[in-house]
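Note: hydrogens, waters and symmetry copies are ignored here, and every other heavy atom, side chains too, is used.
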Amino acid sequence: MRVIISGASGLIGTALSAALRADGHDVIGLVRRPAGKGEIQWDPANGVLAADALDGAGAVVHLAGAGIGDHRWTADYKREILDSRVKSTTLLAEAIAAGSHRPPVFLSGSAIGIYGASDGRPLDEQSPAGTGFLADVCQQWESATHAAAAAGTRVAFLRTGIVLTPKGGALKKMLPLFKLFAGGRFGNGKQWQSWISLPDEVAAIQHLLTADVEGPVNLTAPNPVTNAEFAKALGAALKRPSFLPVPSFGPKLLLGGELADALLFTGQNVQPTVLQQSGYRFRHETLAAAFTALLA
């Protein structure tokens, strides 16, 4: 299958590209710089993509977007977070719809932030969208796929949780603190953490390329934990204590209150109902299993 991937050089995109190529697929990356072999140049900010760029592909996987936690949430950066998702998704969806040989599958990135802050009740794909900046971004992000769906392409939204790998993301940032005996829960630790290992994230996306699934799909492991449980499990895996709580004022001072609250001090108890019902079997169902595999 010819699979076109945006964000192919990112954390998930790199791993997904390697896995697809290992399975014999032809992987084409969308890049903003001049295209090399196996690449297609595009400019999502200005709506530039060759009219036939997506024709003949078996699937498009859209993973591009400005990093949520890369910068403080100034008004300008919040606009960049939104625009980088909505404009790029709209461009791809419209290109799919306009193609003479359009891809039959469009897997478009999203996030569990769409559910907003949760009080701990389990959430699945039938749960309503929440409120707040991330929830608003995710709703507009998903809505931007409309043209592709209206044209008959199967569209699924990859509502991804915290992706665990020592190579990047949240876990990479936590490891030095825990190794230095300075790790612990954030605040009271009662906020839920819905996570997924990078191997499961990649395998789930591969599964969705051919599974008869459309609409929202939660890419989270079936056993979310509280932040306190997460810290305890990571400490146990590293044979380090995890009793030092991180007070809220430190991250809020460093990151800004809105960003710190969204990423560290609120959470969601999300269940991968659709993914499991479609036949996907997790490699790492529990946090202990994930840490054993990832930190070996």
Nearest heavy-atom neighbours spanning Ser6 and Leu30: CB-CD1, 4.0 Å
CA sep, side-chain torsions, deciding dist, call: Arg159, Asn218, side-chain contact (heavy atoms from CB on, under 4.5 Å): CA-CA 5 Å; Arg159 291 183 177 175; Asn218 293 332; 3.6 Å; yes
Heavy atoms from other residues, nucleotides or ligands near NE2 of His25 exceed 12 (cutoff 6.0 Å): yes
Backbone N/O of Thr89 and side chain of Trp141: donor-acceptor pair under 3.5 Å: no
Neighbour count above 12 (heavy atom, 6.0 Å) for Lys190 NZ: no
Check: Arg283 and Ser197 side chains under 4.5 Å, non-hydrogen atoms: no
Donor-acceptor contact below 3.5 Å, side chain Asp200 vs main chain His284: yes
CD1 on Ile205 to CG on Leu63, rounded to 0.5 Å: 5.5 Å
Spatial distance of atom CG (Leu16) from atom CD1 (Ile5) [nearest 0.5 Å]: 4.0 Å
Contact summary for Ser88 and Trp42, nearest pair of heavy atoms: CB-CH2, 3.7 Å
side-chain contact (heavy atoms from CB on, under 4.5 Å) evaluation trace for Leu107 with Val217: CA-CA 10 Å; Leu107 305 183; Val217 186; over 6 Å; no
N/O donor-acceptor pair under 3.5 Å between Glu214 side chain and Ala156 backbone: no
Trp73/Phe133 aromatic ring centres below 6.0 Å: yes
Within one Ile-Leu-Val-Met-Phe-Trp-Tyr cluster: Ile81 and Ile114, side-chain cutoff 4.5 Å: no
Flag, side chain of Thr14 to backbone of Ser9, donor-acceptor distance under 3.5 Å: yes
Separation of Thr273 OG1 from Gln126 CD (nearest 0.5 Å): 8.5 Å
Mutual orientation of the aromatic rings belonging to His62 and Phe106 [parallel < 30°, tilted 30-60°, perpendicular > 60°]: parallel
Ignoring hydrogens and angles, write down the donor-acceptor pairs under 3.5 Å from the side chains of residues 286-296, residues two or more places apart or on other chains.
residue: Thr286; atom: OG1; partner: Ala289; partner atom: N; Å: 3.2
residue: Thr292; atom: OG1; partner: Ala288; partner atom: O; Å: 2.9

Shortest non-hydrogen contact between Pro166 and Leu171, atoms and distance: N-CD2, 3.9 Å
Arg185 side-chain N/O to Gly187 backbone N/O, donor-acceptor pair under 3.5 Å: yes
Ile12-Phe157 co-clustered via ILVMFWY side chain contacts under 4.5 Å: no
Test side-chain contact (heavy atoms from CB on, under 4.5 Å) applied to Arg33 and Glu39, step by step: CA-CA 10 Å; Arg33 53 175 170 72; Glu39 297 177 333; 2.6 Å; yes
Heavy-atom closest pair, residues Ala93 and Ala144: CB-O, 3.5 Å
Residues Leu208, Leu275; criterion side-chain contact (heavy atoms from CB on, under 4.5 Å); working and verdict: CA-CA 8 Å; Leu208 291 170; Leu275 188 60; 4.3 Å; yes
Any donor-acceptor pair under 3.5 Å from Arg102 side chain to Ala95 backbone: no
Any donor-acceptor N or O pair under 3.5 Å, side chains Glu285, Asn223: no
Ser110 and Glu142: side chain donor to acceptor below 3.5 Å: yes
From CD (Glu201) to OG1 (Thr220), nearest 0.5 Å: 10.0 Å
Nearest-0.5 Å distance, CG of residue Asn269 to CD of residue Gln193: 11.0 Å
Thr226 side chain vs Glu229 backbone, donor-acceptor pair below 3.5 Å: yes
Transitive ILVMFWY side-chain link Val105 to Val3, under 4.5 Å: yes
Hphob cluster co-occupancy, Ile162 + Leu198, side-chain heavy atoms under 4.5 angstrom: no
Closest heavy-atom pair and its distance - Arg2, Asp55: NH1-O, 3.5 Å
Other residues, nucleotides, ligands: >12 heavy atoms within 6.0 Å of Arg79 CZ: no
For Pro241 against Phe181, the heavy-atom pair lying closest together: CD-CD2, 3.3 Å
Validation row: Pro44, Arg32 side chains within 4.5 angstrom (heavy atoms): yes
Minimum side-chain heavy-atom gap Pro222-Phe282 below 4.5 Å: yes
Residue Asp212 excluded, over 12 heavy atoms near CG under 6.0 Å: no
Same apolar cluster: Val213 and Tyr280, side chain cutoff 4.5 Å: yes
OG1 on Thr131 to CG on Asp136, rounded to 0.5 Å: 7.5 Å
Under 3.5 Å donor-acceptor, Arg154 side chain and Ala211 backbone: yes
Side-chain donor/acceptor of Asp124 to backbone N/O of Gln271, under 3.5 Å: no
Exam field: side chain Ser194 to backbone Val270, donor-acceptor pair closer than 3.5 Å: yes
